[in-house]
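Some notes on the structure that comes next.
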Amino acid sequence: MKIKYLLFALISVLATTHSFAQIITFSLLKSCNSYDRTGFTDEFAKKRFYIVEESVKKANNKLMEGGTLYSNEKERDLGIAEINVLSVINGTKKITEISFLKGSKHDYTKNYGDLYSQMNSMLTKTASFQSKKYKTEVTTFTKDKVYYYAFKIKDVPYIVIANYKIEEDYF
């Protein structure tokens, strides 16, 4: 009987660890621009985010070209939702772009909603603006000289974190 309880507990812990490991936490969001490339890769590997592409050649945004693309899905099939993280660390300039996709296997929009709520309560909200490039409203936040941008392109929510203002270059 004790073995059954122990086995059940072990399976529960493993299942819980696996399901929670592949989301973006607020503490990870806040700290992602404090790492160098090796530290960034190590931290995301702990959360089970895998390198998909070392140096992205054709990013949706020119500012993100050359960045490293991470995903929480090893097998990247169409229709399966993923959290994609595109990170550019170029000298002192650091930009991280996180997209939360929704598909047949997973729905990470709840993760985005939780993060957005925490951003509203923990960060200083600054003026929103309309992005001409993406034709969407961008909500901006700041804290400790780090800039956070939240927006949606069609149904895909994005959070972009930078250690400098990127409004003119990115949007």
Side-chain angles (χ1 to χ4, degrees), residues 21-103 105-109 111-112 115-116 119 123 126-171:
Q22 293 186 318
I23 63 169
I24 302 291
T25 62
F26 186 67
S27 61
L28 185 61
L29 183 80
K30 281 182 29 182
S31 65
C32 66
N33 274 13
S34 63
Y35 300 112
D36 62 4
R37 172 58 57 213
T38 304
F40 192 98
T41 299
D42 291 347
E43 193 60 33
F44 273 77
K46 289 178 193 173
K47 296 288 188 183
R48 294 192 177 110
F49 282 84
Y50 309 99
I51 294 178
V52 174
E53 192 173 343
E54 291 271 346
S55 181
V56 174
K57 302 285 186 252
K58 293 184 180 180
N60 289 338
N61 191 303
K62 268 224 177 293
L63 200 57
M64 302 307 290
E65 287 182 359
T68 303
L69 179 62
Y70 302 82
S71 178
N72 64 324
E73 290 286 342
K74 275 187 177 179
E75 303 298 326
R76 303 182 77 223
D77 297 324
L78 294 175
I80 296 176
E82 304 169 358
I83 298 175
N84 289 327
V85 179
L86 183 56
S87 168
V88 173
I89 299 175
N90 188 4
T92 59
K93 294 183 176 184
K94 298 178 182 181
I95 306 170
T96 302
E97 175 187 273
I98 305 168
S99 59
F100 301 83
L101 305 175
K102 183 166 75 171
K105 187 176 176 185
H106 302 289
D107 181 356
Y108 289 104
T109 55
N111 185 203
Y112 171 81
L115 287 171
Y116 187 82
M119 289 168 65
L123 305 174
T126 56
S128 296
F129 63 91
Q130 189 69 26
S131 168
K132 291 179 185 176
K133 179 175 183 161
Y134 296 116
K135 297 176 178 57
T136 188
E137 184 175 354
V138 179
T139 306
T140 62
F141 304 88
T142 187
K143 184 164 183 143
D144 300 328
K145 297 181 182 178
V146 176
Y147 301 89
Y148 302 84
Y149 305 89
F151 59 98
K152 288 185 180 181
I153 300 175
K154 296 181 182 175
D155 289 335
V156 179
Y158 286 82
I159 295 175
V160 178
I161 306 105
N163 65 349
Y164 67 102
K165 285 188 173 188
I166 60 170
E167 284 93 342
E168 292 180 22
D169 298 332
Y170 187 92
F171 297 101

- Query: Between Leu28 and Glu43, is any pair of side-chain heavy atoms under 4.5 Å apart?
  - Reply: yes
- Of all the heavy-atom pairs spanning Ala59 and Leu86, show the shortest one and how long it is. CB-CD2, 4.2 Å
- Identify, with sequence neighbours excluded, every residue that meets side-chain contact (heavy atoms from CB on, under 4.5 Å) alongside Lys165. Tyr147, Tyr149, Glu167
- In chain order, what residues pass the side-chain contact (heavy atoms from CB on, under 4.5 Å) check against Ser27, with sequence neighbours excluded? Thr25
- Message: With rounding to the nearest 0.5 angstrom, report the CD1 to CD distance, Ile159 to Glu97.
- Response: 11.5 Å
- Search all heavy atoms of Thr140 against all heavy atoms of Ala127 and return the closest pair with its distance. OG1-O, 2.7 Å
- Rounded distance (nearest 0.5 Å) linking atom NZ of Lys30 with atom CG of Leu115: 12.0 Å
- Kindly give the heavy-atom pair with the smallest separation between Ala150 and Met119, and that separation in Å. CB-CE, 4.4 Å
- Among all residues two or more places apart in sequence or in another chain, which pass the side-chain contact (heavy atoms from CB on, under 4.5 Å) test with Phe40? Cys32, Tyr35, Arg37, Phe44, Tyr70, Val85, Ser87, Ile89, Thr96
- Smallest heavy-atom separation, Tyr50 atom then Asn72 atom, equals CE1-O, 4.0 Å
- Message: Apply ring pair (Phe, Tyr, Trp, His ring centres under 6.0 Å) to residues Phe151 and Phe171 and explain how you reach the verdict.
- Response: CA-CA 11 Å; Phe151 59 98; Phe171 297 101; 5.3 Å; yes
- Give a yes or no on whether Lys132 atom NZ has more than 12 heavy-atom contacts from other residues, nucleotides or ligands under 6.0 Å away. no
- Query: Do Ile24 and Phe49 have side-chain heavy atoms sitting under 4.5 Å apart?
  - Reply: yes
- Message: Counting only heavy atoms not in Asn111 (residues, nucleotides, ligands), do more than 12 fall under 6.0 Å from its CG?
- Response: yes
- Residue pairs passing the salt bridge (Lys or Arg N to Asp or Glu O under 4.0 Å) test with at least one member in residues 143-158, sequence neighbours excluded, are none
- List the atom of Gly66, the atom of Ser55, and the distance in Å for their closest heavy-atom pair. CA-OG, 3.6 Å
- If you round to the nearest 0.5 Å, how far is CG of Leu63 from OH of Tyr170? 8.0 Å
- Item | Separation of Asn84 CG from Glu53 CD (nearest 0.5 Å) | 11.0 Å
- Message: Which residues pass the side-chain contact (heavy atoms from CB on, under 4.5 Å) test with Asn163, not counting sequence neighbours?
- Response: Asn33, Lys94
- Query: Strictly by modelled atom types, are Thr109 and Asp107 linked by a side-chain donor-acceptor pair under 3.5 Å?
  - Reply: yes
- Message: My understanding is that only residues two or more places apart in sequence, or in another chain, count here; which of them pass side chain to side chain donor-acceptor pair (under 3.5 Å) with Ser131?
- Response: none
- Query: In Å and rounded to the nearest 0.5 Å, what is the OH to CD1 distance from Tyr148 to Ile98?
  - Reply: 10.0 Å
- dist Ile95:CD1 -> Ile161:CD1 (nearest 0.5 Å) comes out at 10.5 Å
- Query: What is the minimum heavy-atom distance between Lys58 and Glu65, and which atoms define it?
  - Reply: CA-OE2, 4.1 Å
